[in-house]
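Just below is one structure, and these are the notes that go with it.
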Amino acid sequence: MTLHVGALRLAVPLVKLHRVVPWEDPDEVEPTVGQPGWMHGLLDHRGRYVQVVDTAELVLPEDRRPPIEERRAGKIIIVGDGNWGLACREVGAVLKLTPDQVQWRSAQGRRRWLAGTVREHLCALVDPDAFADMLEQEGGVGGTLASPAAGGQNGPAGSR
């Protein structure tokens, strides 16, 4: 499935998606004290808290990010084990891909979440598990990035 983050089109494997949740009211996601700059906050979804990340903050250079107001509405893609939600402007088409259509990454780099690119559809293929692992390592709500000694607001966006 494709999703749009600013002008960037990403693709996420359907088997890694839990749900697509409409995000019409910014107040549906509750900010938390000390959260990293890349975190929108927590969404109470079906009795479980999902950590919603500002996907644009994590994957786009600062000069390519839409204004914050535009990044606090649209859709939330709940991925992996359901702990993380990726905020996006909109959800696009479902693509059927074969492995030979993907230009796979040959080495781990700064963008651990990037599994490869799909030139035919002009999109980046996201590895949701690697994305979630990266976020877990970077702290999430109440994690290491939330403490002032760990750098506060710099999160993974500053480590690209």
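The shortest distance between side-chain heavy atoms of M1 and L17 falls below 4.5 Å. You'll find the side chain of H45 reaches within 4.5 Å of the side chain of V21, heavy atoms only. Residues L42 and T32 form a side-chain contact, since some pair of their non-hydrogen atoms from C-beta on lies under 4.5 Å apart. A heavy-atom distance below 4.5 Å is not found between the side chains of T55 and C88. Using a 4.5 Å heavy-atom cutoff, the side chains of Q35 and Q51 are not in contact. You'll find the side chain of L135 reaches within 4.5 Å of the side chain of W38, heavy atoms only. Looking at V53 and L58, their side chains come closer than 4.5 Å, going by heavy atoms from C-beta outward. Under the 4.5 Å side-chain criterion, counting only non-hydrogen atoms from C-beta, D54 is in contact with I68.
Cluster annotation: L8 is not connected to L122 through the hydrophobic network of ILVMFWY side chains, with a link wherever side-chain heavy atoms come within less than 4.5 Å. Linking ILVMFWY side-chain heavy atoms closer than 4.5 Å, directly or via other members, places W113 and V12 in a single hydrophobic cluster. Side-chain heavy atoms closer than 4.5 Å link hydrophobic residues (I, L, V, M, F, W, Y) into clusters, and following such links, even through other members, never connects L14 to L97. Under the 4.5 Å side-chain heavy-atom criterion for grouping Ile, Leu, Val, Met, Phe, Trp and Tyr, V59 is not connected to V102 through any hydrophobic cluster. Residues L86 and L125 do not share a hydrophobic cluster, clusters being chains of Ile/Leu/Val/Met/Phe/Trp/Tyr side chains in contact below 4.5 Å.
Distance CG/D129 to CD/E136: 11.5 Å, rounded to 0.5 Å. In this structure, NE2 on H4 lies 6.0 Å from CZ on R89, to the nearest 0.5 angstrom. Atoms NE2 and CZ, from H40 and R72 in turn, are 6.0 Å apart once rounded to the nearest 0.5 Å. Of the inter-residue distances, the one linking I77 atom CD1 with R19 atom CZ reads 11.5 Å to the nearest 0.5 angstrom. I76 CD1 to W23 CH2: the interatomic distance, rounded to the nearest 0.5 Å, is 5.0 Å. Put simply, OG1 on T2 and CZ on R9 are 5.0 Å apart, with the number rounded to the nearest 0.5 Å.
L114 and A124 get closest at one heavy-atom pair: CD1-CB, 3.6 Å. The nearest pair of heavy atoms linking E28 to E24 is OE2-N, 3.1 Å. Minimum interatomic distance between K75 and V20 (heavy atoms only, all atoms of both residues): CD-CG1, 4.0 Å. Listed here is the closest heavy atom pair of M39 and W84: CE-CZ3, 3.5 Å. Pairing each heavy atom of V79 with each of P128, the nearest pair is CB-CB, 4.0 Å. The shortest heavy-atom contact between C123 and L95 is SG-CD1, 4.3 Å.
Salt-bridge formation is detected for the pair R65/E57: a Lys NZ or Arg NE/NH1/NH2 atom is positioned less than 4.0 Å from an Asp or Glu carboxylate oxygen. With salt bridges taken as basic N to acidic carboxylate O contacts below 4.0 Å, none links R112 and D133.
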Q: In sequence, state the C-alpha distance, the side-chain angles, and the governing distance for R48 and N83, and then conclude on side chain to side chain contact (heavy atoms under 4.5 Å, CB included).
A: CA-CA 8 Å; R48 182 175 182 182; N83 287 334; 2.6 Å; yes
Q. When you look at Y49 and D44, which way does the side chain to side chain contact (heavy atoms under 4.5 Å, CB included) test go after all the steps?
A. CA-CA 5 Å; Y49 285 107; D44 183 359; 3.9 Å; yes
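Put simply, the side chain of R71 never gets that close to the backbone of A56: no donor and acceptor are under 3.5 Å apart. Formation of a donor-acceptor pair under 3.5 Å by the Q101 side chain with backbone atoms of T98 is found in this model.
Annotation for R64: atom CZ does not count as buried by contact number, only 12 or fewer foreign heavy atoms lying within 6.0 Å.
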